[in-house]
Amino acid sequence: GKLIWWYTMLINNNLKHCRENLEMTQEELGYVLGVTKGTVANWENGNDSIPLRQVVKICNQYDLSVDYLLGISRANKLYSKIPKLNKNNIGKRIKQLREKLNYSQSVFAEECGIAQSTLSLYETGNRLINTLTLQVICIKFKVSADELLDRKKEQ
């Protein structure tokens with residue numbers, strides 16, 4: 001409940017902050033992402049969550065790290081662009097993280113506030129992880145979203 005609301009507000013406030021730093025209106029960002037001004041406003045107001053594909057599109061377009069946009073890190077580090085999200089590879093990295101932490105699927109899922117069946121879909125690459133769950137995992141287990149998404153740090 002309350003923790004999910006806090007994570008959602010963190011994403012939305014950072015999205016607005018990043019958009020304003022780019023000196024863009026909601027309408028301009030919407031145009032770049034192929035969505036309406038209202039959709040951007042709903043993301044920023046916490047009425048809807050921003051899909052991970054849109055997060056990556058913003059980060060690729062404006063040289064932002066996913067960690068920075070999601071409020072996981074206060075520093076914006078430069079990462080390589082992701083041409084296409086690979087659900088299988090992301091799922092494998094989530095599973096590797098869970099196994100490294102020595103968590104069962106059910107315990108890890110509970111820690112992340114999701115159903116075990118949903119975690120299984122993520123780990124097997126049958127579903128792309130949603131933005132909120134990615135953020136929860138990264139904050140809770142102190143890992144980088146950029147690295148889970150396989151973005152390479154640029155020197």
Side-chain angles (χ1 to χ4, degrees), residues 1-21 29 33 35 39-154:
K2 231 179 193 174
L3 195 58
I4 297 299
W5 174 86
W6 183 83
Y7 285 129
T8 304
M9 292 314 297
L10 186 62
I11 292 173
N12 301 332
N13 289 337
N14 275 16
L15 176 62
K16 183 177 182 180
H17 169 77
C18 289
R19 177 183 57 77
E20 288 174 345
N21 275 354
L29 181 59
L33 298 175
V35 299
T39 298
V40 174
N42 281 336
W43 293 337
E44 289 183 357
N45 297 329
N47 297 331
D48 199 3
S49 72
I50 182 169
L52 188 56
R53 292 185 197 288
Q54 298 290 33
V55 168
V56 170
K57 197 170 182 181
I58 294 168
C59 292
N60 281 346
Q61 182 88 20
Y62 299 106
D63 293 323
L64 298 171
S65 74
V66 175
D67 290 333
Y68 181 70
L69 185 65
L70 298 185
I72 296 163
S73 170
R74 291 178 187 225
N76 183 35
K77 298 181 183 115
L78 221 48
Y79 284 88
S80 62
K81 295 189 180 344
I82 302 175
K84 187 173 191 264
L85 289 171
N86 185 318
K87 296 184 294 194
N88 290 326
N89 290 345
I90 294 167
K92 283 178 194 164
R93 281 190 286 283
I94 292 167
K95 184 177 181 180
Q96 288 167 348
L97 171 65
R98 177 180 60 77
E99 289 174 343
K100 181 179 157 195
L101 295 166
N102 206 20
Y103 277 61
S104 66
Q105 247 189 6
S106 62
V107 170
F108 192 82
E110 191 178 314
E111 287 286 317
C112 298
I114 59 173
Q116 182 179 347
S117 58
T118 302
L119 177 61
S120 180
L121 289 170
Y122 294 156
E123 287 188 358
T124 56
N126 288 307
R127 182 184 294 170
L128 179 63
I129 190 168
N130 71 43
T131 307
L132 188 59
T133 304
L134 176 66
Q135 185 192 36
V136 169
I137 289 171
C138 292
I139 291 173
K140 192 166 214 106
F141 300 109
K142 296 178 177 43
V143 294
S144 164
D146 291 285
E147 290 172 17
L148 281 177
L149 298 177
D150 202 27
R151 293 182 88 196
K152 306 289 183 235
K153 223 179 251 182
E154 293 186 358

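Residue numbers start at 1 and run along the sequence shown.
- At a cut-off of 3.5 Å, with distance as the only test, a side-chain donor of Thr133 or Asn130 sits close to an acceptor on the other residue.
- By the 4.5 Å heavy-atom criterion applied to side chains, Gln54 and Trp43 are counted as neighbours.
- Here the shortest heavy-atom pairing between Leu15 and Leu69 reads CA-CD1, 3.9 Å.
- Separation of atoms CD (Gln96) and CG (Leu101) is listed at 12.0 Å; rounding is to 0.5 Å.
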Report the C-alpha separation of Cys18 and Tyr68 in whole Å, then their side-chain angles, then the decisive distance to 0.1 Å, and conclude whether the side chain to side chain contact (heavy atoms under 4.5 Å, CB included) test is met.
CA-CA 9 Å; Cys18 289; Tyr68 181 70; 3.6 Å; yes
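- The existence of a salt bridge linking Lys92 and Glu123 is excluded, since no basic side-chain nitrogen approaches an acidic carboxylate oxygen closer than 4.0 Å.
- Residues Asn60 and Ile82 share a closest heavy-atom pair of ND2-O, 2.7 Å.
- With a 6.0 Å radius and a threshold of 12 heavy atoms from other residues, nucleotides or ligands, Gln116 has its CD atom above the threshold.
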With side chain to side chain contact (heavy atoms under 4.5 Å, CB included) as the test, would you mind laying out the steps for Ser104 and Val107 before giving the verdict?
CA-CA 5 Å; Ser104 66; Val107 170; 3.3 Å; yes
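- In this structure, the side chains of Leu85 and Arg53 come closer than 4.5 Å at one or more pairs of heavy atoms.
- Here the shortest heavy-atom pairing between Leu119 and Arg98 reads CD2-CD, 4.1 Å.
- In this structure the side chain of Asn14 never reaches within 4.5 angstrom of the side chain of Leu70, judged on heavy atoms.
- Closest heavy-atom contact between Cys138 and Ser144: SG-C, 3.8 Å.
- Side chains of Thr124 and Asn126: a donor on one and an acceptor on the other come within 3.5 Å.
- Residue Leu148 holds its CG atom at 7.5 Å from CD1 of Ile129, rounded to the nearest 0.5 Å.
- Side-chain contact between Ile50 and Val40 is absent, with no heavy-atom pair separated by less than 4.5 Å.
- Rounding to the nearest 0.5 Å places CD of Glu99 at 12.5 Å from CD1 of Ile94.
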Worked check of side chain to side chain contact (heavy atoms under 4.5 Å, CB included) between Val66 and Arg151:
CA-CA 9 Å; Val66 175; Arg151 293 182 88 196; 3.7 Å; yes
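- Inter-residue side-chain proximity for Ile72 and Asp146 is flagged as unmet; no heavy-atom pair is nearer than 4.5 Å.
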Quick one, Leu132 with Ser49, criterion side chain to side chain contact (heavy atoms under 4.5 Å, CB included). Give me CA distance, side-chain angles, the key distance, then yes/no.
CA-CA 8 Å; Leu132 188 59; Ser49 72; 5.5 Å; no
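- Under a 3.5 Å cut-off, the side chain of Asp67 and the backbone N or O of Ser73 do not form any donor-acceptor pair.
- Put simply, the side chain of Ile114 reaches to within 4.5 Å of the side chain of Tyr122, judged on heavy atoms.
- With Asn45 contributing its side chain and Asn47 its backbone, the two residues share no donor-acceptor pair below 3.5 Å.
- Looking at every heavy atom in both residues, Thr131 comes nearest to Pro51 through OG1-C, 3.3 Å.
- Looking at Ser65, its side chain never comes within 3.5 Å of a backbone N or O of Asn76 through a donor-acceptor pair.
- Using a 4.5 Å heavy-atom cutoff, the side chains of Arg127 and Thr118 are in contact.
- Taking the six-membered ring for Trp and thresholds of 30 and 60 degrees, Phe141 and Phe108 have nearly parallel ring planes, at less than 30 degrees apart.
- Salt-bridge formation is not detected for the pair Glu147/Arg93: no Lys NZ or Arg NE/NH1/NH2 atom is positioned less than 4.0 Å from an Asp or Glu carboxylate oxygen.
- Considering only heavy atoms from C-beta on, Asn86 stays 4.5 Å or farther from Asp150 through its side chain.
- For the atom pair CD of Gln61 and CG of Leu29, the computed distance is 9.5 Å after rounding to the nearest 0.5 Å.
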